[in-house]
Amino acid sequence: MEWQYLGAAPKAGRKLLLIQEDEIPLVMPLLYRYMTKEYLRRKPDWFQCRLAPEQSLSQQALFIELNQHMRLLLEHRRQRNAEQLQQALILTNQGINQFFSDLGWRMVRREFSQIKKRQKKGHIEVSKDIIERLRLYMAQHQFDSFDDAIDNLLCIELEENFSE
């Protein structure tokens, strides 16, 4: 499901996407973090609703509705009910589109993208002499990254084991 722009859609760049089913576990905590009175006051241009100084966020109809949809989404995901999950996802995405501004949702997606990148990477500790040997191997075989060089070495190892 794509973002419905409030103004004109940008002519260049990637279109904003709403939540996909596989993103639910990672994006929900992020949404709850942004859906606070503090963020609404600090970054008013990120949201489509406004709060009076004495008003709480729980008095905002858009917030209440989105919060209910998000709760249902999580509940249906836990129950593994595919049909109801899809319906809840559609309603949640519609609520997100009404609650956040174009800029706000772009910023949420940007941070979410960073979270997804961090989830994909792992870190191992390697001694300096191994790093130097790996760099030499990369230069000899014209690899651009450590990932490519290590992947090649592992493939060579697997080929040798299978050919025996």
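Bear in mind the structure is a predicted one, so any value in this text is a computation, not a measurement. Nothing fancy with the numbering, it's 1 onward along the sequence.
In terms of heavy atoms, His76 sits closest to Ala88 at CD2-CB, 3.9 Å. When all heavy atoms of Pro10 and Arg106 are compared, the closest pair comes out as CG-NH2, 4.4 Å. The heavy-atom pair separating Gly7 from Asp102 by the smallest distance is N-OD2, 3.7 Å.
For the pair Asn97 and Gln94, the minimum side-chain heavy-atom distance is 4.5 Å or more.
Counted by atom type alone, Glu21 and Gln86 present one or more donor-acceptor pairs between their side chains at under 3.5 Å.
Other residues, nucleotides and ligands place more than 12 heavy atoms under 6.0 Å from the CD atom of Gln79. Atom CZ of Arg33 sits in a crowded spot, with more than 12 heavy atoms from other residues, nucleotides or ligands closer than 6.0 Å. Counting non-hydrogen atoms of neighbouring residues, nucleotides and ligands closer than 6.0 angstrom, the CZ atom of Arg42 exceeds 12 such neighbours. Around CD of Gln140, the count of heavy atoms belonging to other residues, nucleotides or ligands within 6.0 Å exceeds 12.
Criterion: ILVMFWY side-chain heavy atoms under 4.5 Å apart, direct or through other members. Under it, Val27 and Trp3 are part of a common hydrophobic cluster. Transitive grouping of hydrophobic side chains (ILVMFWY, heavy atoms separated by less than 4.5 Å) brings Leu26 and Leu89 into a common cluster. Grouping the Ile, Leu, Val, Met, Phe, Trp and Tyr side chains by contacts below 4.5 angstrom, directly or via other members, places Ile90 apart from Leu17. Ile130 and Leu136 are assigned to two separate hydrophobic clusters, defined by single-linkage of ILVMFWY side chains at heavy-atom distances under 4.5 Å. Tyr5 and Met107 fall within the same hydrophobic cluster, defined by Ile, Leu, Val, Met, Phe, Trp and Tyr side-chain heavy atoms under 4.5 Å apart, directly or through other members.
The closest donor-acceptor contact from the side chain of Gln4 to the backbone of Gln98 lies at 3.5 Å or more, if one exists at all. Side-chain atoms of Gln60 come within 3.5 Å of backbone N or O of Arg50 as a donor-acceptor pair. For the pair Gln84 (side chain) and Ala82 (backbone), a donor-acceptor distance under 3.5 Å is absent.
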Verdict with reasoning, Asp148 to Asn152, per side-chain contact (heavy atoms from CB on, under 4.5 Å): CA-CA 6 Å; Asp148 293 339; Asn152 186 54; over 6 Å; no

Does the pair Glu2 and Leu18 meet the rule for a side-chain contact (heavy atoms from CB on, under 4.5 Å), with working shown? CA-CA 6 Å; Glu2 285 185 12; Leu18 288 163; over 6 Å; no

Intermediate values then yes/no, side-chain contact (heavy atoms from CB on, under 4.5 Å), Met35 and Met70: CA-CA 12 Å; Met35 292 173 52; Met70 288 169 61; 3.6 Å; yes

Just do the side-chain contact (heavy atoms from CB on, under 4.5 Å) check on Phe112 and Ile19 with the steps written out, would you? CA-CA 10 Å; Phe112 178 63; Ile19 301 172; over 6 Å; no

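Here the CG-CZ distance, from Leu73 to Arg77, works out to 8.5 Å after rounding to the nearest 0.5 Å. Separating the CZ atom in Arg109 from the CH2 atom in Trp105 is a distance of 6.0 Å, to the nearest 0.5 Å. Between the CZ atom in Arg71 and the CG atom in Leu66 there is a gap of 10.5 Å [rounded to 0.5 Å]. Summarising the geometry, atom CG belonging to Leu72 is positioned 11.0 Å from atom CG belonging to Leu85; distances are rounded to the nearest 0.5 Å. Note that CD1 of Ile131 is 6.0 Å distant from CZ of Phe146, once rounded to the nearest 0.5 Å. To the nearest 0.5 Å, atoms OG1 (Thr92) and CG (Leu31) are separated by 9.0 Å.
We find that Arg78 and Glu75 are not joined by a salt bridge, their nearest charged nitrogen and carboxylate oxygen being 4.0 Å or further apart.
Residues that satisfy the side-chain contact (heavy atoms from CB on, under 4.5 Å) test with Ser58, not counting sequence neighbours, are Ser56.
Annotation: ring-ring contact (aromatic ring centres under 6.0 Å, His included) contacts involving residues 9-51, sequence neighbours excluded, comprise Tyr34-Tyr39, Tyr34-Trp46, Phe47-Phe99, Phe47-Phe100.
Note: Tyr137 and His141 have tilted aromatic rings, judged against thresholds of 30 and 60 degrees for the angle between ring planes.
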